[in-house]
Amino acid sequence: MDPFALQDEARRNTTRLVCLGVAAVTAVVLSAAVVFAFGAWAVFSFVIKEELLDFSSFLAEPFVVAFSLFMSTLVVLVGFLIKLSDISSPERLMTSVGAKRVRRLRFAGGDPRSDAVQRLLNVCEEMAIASGVVMPSVWLLENSSDVNAFVAGNSPSNAALCVTEGALRYLERDELQGMVAHEFGHILNGDMRLNFRLLMLVAGVTAYNRIGKGMLGVFSGDDEEDGGRRSRGFVALPRGGKGGKGGGAVLVFIAVYIATAVLLWLIGSIGVFFARLVQCAVSRQREYLADASAAQFTRNPEALANALRLTYLVAGGAGGSPFAAWKADVAHMLFTEGDRRLFATHPPVRDRIDRLSPAGIYADEELTARIRRIREDRKNKYERSIEEGRNRRRAAASSVKLASLGVWDPSLRAIPPAFAARLRTPGGAGTALVEILRGRQPKEFNEPLTRAQKRQLASRCAMAIRDTETDSSRRKWVETLTEIAKEDGEIDSFEFILLAAMRRYLGEYRPLRTVAASRVTATVARVVSTVAGFGSDAETGYRAAEKMFSLIRTPLPPRPAPYDNALDFLDGLDELVNMPPLAKRELLFGLQATISQDGFVSDVEADYVSAVADAIAAYGWSSARTS
Amino acid sequence: MNALAALGIIAVILVAVIGWIISLYNGLVVLRNRFKNAFSQIDVQLRRRYDLIPNLVETAKGYMAHERETLTSVIEARNVAASAAKALAAAPGDIGASAAFAKAESGLAGMLSRLMVVAESYPELKADGQMSRVMEELSSTENRIAFARQAYNDAVTEYNTRRELFPSSVIAGVFNFAPAALLESTDSAAQREAPKVSF
């Protein structure tokens, strides 16, 4: 290959494509100007002059030409400006993707990573010499096992280059050099700026599309800001100006309005399509150019081809990129990207390799072995990270104490005296409960209530209602609160807590009649099954409870169907009120195991355990006392 | 009126032509400065190598007690090359000085590659972290020298091409832009070999 000839070709193609793109945008601006002129014509014809003007002669008037061109250009410029506000320093971009700046360490220990960084910095400095570009700041994307690199920056003298950790680990020195040289090619050729300008063109054209959509949004009830404002202005106008004949004019006017909006939207859409097409085509040409530049800098196209082969084959023939969120803006600068056709920012990797090396996409024995090793390495790393996450979550969950769920901890120390005083007044507890149910913060609490505090407050308030209200007002509160809980047609976990507490404290008195725990195993199983149903893995969660049981007969039967109705659930729990206290404790420990089995305790799970504790009258037990 | 318009047109054309000539001239100056800068880079990198060699020898000494001779001759070759570079800097363009410099440089490159080969038979040396870092620096320096030469040659080629192409050739002739000489790549090949004997 001749890198110089290839560069010339890519540059020529770029010029052609950019001319095409500018022509396309100009065409869009001109057609949009005609649409604006059409809008103005409609206003003149139906509102101001009240007679149908000849459109072509109207269009020829200098004022109309100036107005419509001005409007059309204004829209494009606004689009440009919006895009321009996106511009950010290369440092900001690098930090936002989580890259870390690397610098030369003078007294590095025997750390293999610092050796890799030293090598990377050396390679970059070598390429800075070979390309004659000022040395950019160098960044490392840690914990990324992809083999990739990209550059950011708006001028060759102020650029930043980022390399993934995978590239440092898996590439040989000359391959790394080829990859870095490719990025230096982007820097030297000013590709970042070129791409940004093309994206500005796209944004300019998108502005028409947006305006058209916004104008149409008025009718679909879509409350888009500019659209809404526009409609009020337009609809008010004909009514004021028309008097008697107003109705028909308004209809015509709305028709013209819709036509303008649809035309703008259509022109914008077509324009965006072509602008993107050109942007991507230019981007592909710049890749070839950067490859050719890299070959010129290193005089070693084979190494670059090898790096490309490696990334291509490791990804299994299709490139994947971890930079999804901001990809649109830097995709262009990446070393490799997937093979998409028309809107690909990178040419097919195979094609690039073919241009660099006569061998094409061919992996020799050494490369094949290396690719196999990398795949295994990455697979192990992936599995390791999964395992680590699972262990971490498990450790966090096993530290969940029942007390922190609001169970066995009647002493709510954070309760302000003012709130306690309110609970003692008639109606005070009920209103407080209504506030909490409605998601409002009782004014006596300065800090936002935690979930556990809310759970405890529900029981506390229920007790207060029992103690301060008369029989009839107590019944009324129960009705009111139940109504509020059912208001939205379903009973959520917190409302369930409240129902359980009310049943426990405000229900009619029943004498306790203790039964052996082994006789209620079926109900216990159903309760555990219901709670387990709120976790991620119901079956395992159900089995996890079993290990805590000894008074309750084990093994538990196969997981029964959970309660599908809150009231049935509460009835089931009523049955368990008669269990011996130690069996109740066992059940709660079992439920604790159930909800923490998958490593994550959700609010809903915690709510139900707390409600069960209230419903089975395990209230007052302290975990400290029992363990 | 007509004469005035004609005069105006002529003035505009004249300004355009002068502007064009200025841009051609400036283009040549930019290219000339680029290759001059590239040349000074070579010098910088050579000096970097002279600075690195004592470091390398110091690290290797502990493991290669029996190769005292090799180490001493590396240091000697380095000193010869450094003083030849100084002599060349004092008298740039002197044919004798540049020949001596080229000879000293290739001698140093030869000694370095011999050291690498010898070092191969010292596994502890290869495992030493400090040594591997110095080696990385050294091979990077060898690369830099090669790249600096290559960048110089690329810049010179671009300058010469522009200088000979019409219409820049006219400007180059009038303002006396002399052709620049390419660097011979006799010893650069040897230097590029050095980092290949990798640690």
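Proteins come first, then strands; the chains are lettered A, B, ... in the order of their sequence lines, and each starts at number 1.
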Should we say atom CZ of B/R114 is surrounded by more than 12 heavy atoms from elsewhere, each under 6.0 Å from it? no
Look at atom CZ of A/F4 and say whether more than 12 heavy atoms of other residues, nucleotides or ligands are closer to it than 6.0 Å. yes
CZ of A/R101: more than 12 outside heavy atoms within 6.0 angstrom? yes
With a 4.5 angstrom heavy-atom cut-off, could you sort out which part of B/Q41 is near chain A: side chain, backbone, both or neither? side chain
Does any backbone or side-chain atom of B/A148 lie under 4.5 Å from a heavy atom of chain A? Answer side chain, backbone, both or neither. both
As a quick check of understanding, evaluate side chain to side chain contact (heavy atoms under 4.5 Å, CB included) for B/Q150 and A/Q296, giving each step before the final call. CA-CA 9 Å; B/Q150 173 191 305; A/Q296 182 207 325; 5.5 Å; no
Heavy-atom closest contact (B/A151 atom, A/A130 atom, distance): CB-O, 3.7 Å
Checking B/D154 against chain A: side chain, backbone, both or neither under 4.5 Å from a heavy atom? side chain
Tell me, side chain or backbone of B/E137 under 4.5 Å from chain A's heavy atoms, or both, or neither? both
Measuring only between side-chain heavy atoms, which start at C-beta, is A/E126 closer than 4.5 Å to B/S139? no
Decide yes or no for B/F147 and A/R299: does some side-chain heavy atom of the first lie under 4.5 Å from some side-chain heavy atom of the second? no
Any chance you could measure B/T141, atom OG1, to A/E125, atom CD, to the nearest 0.5 Å? 9.5 Å
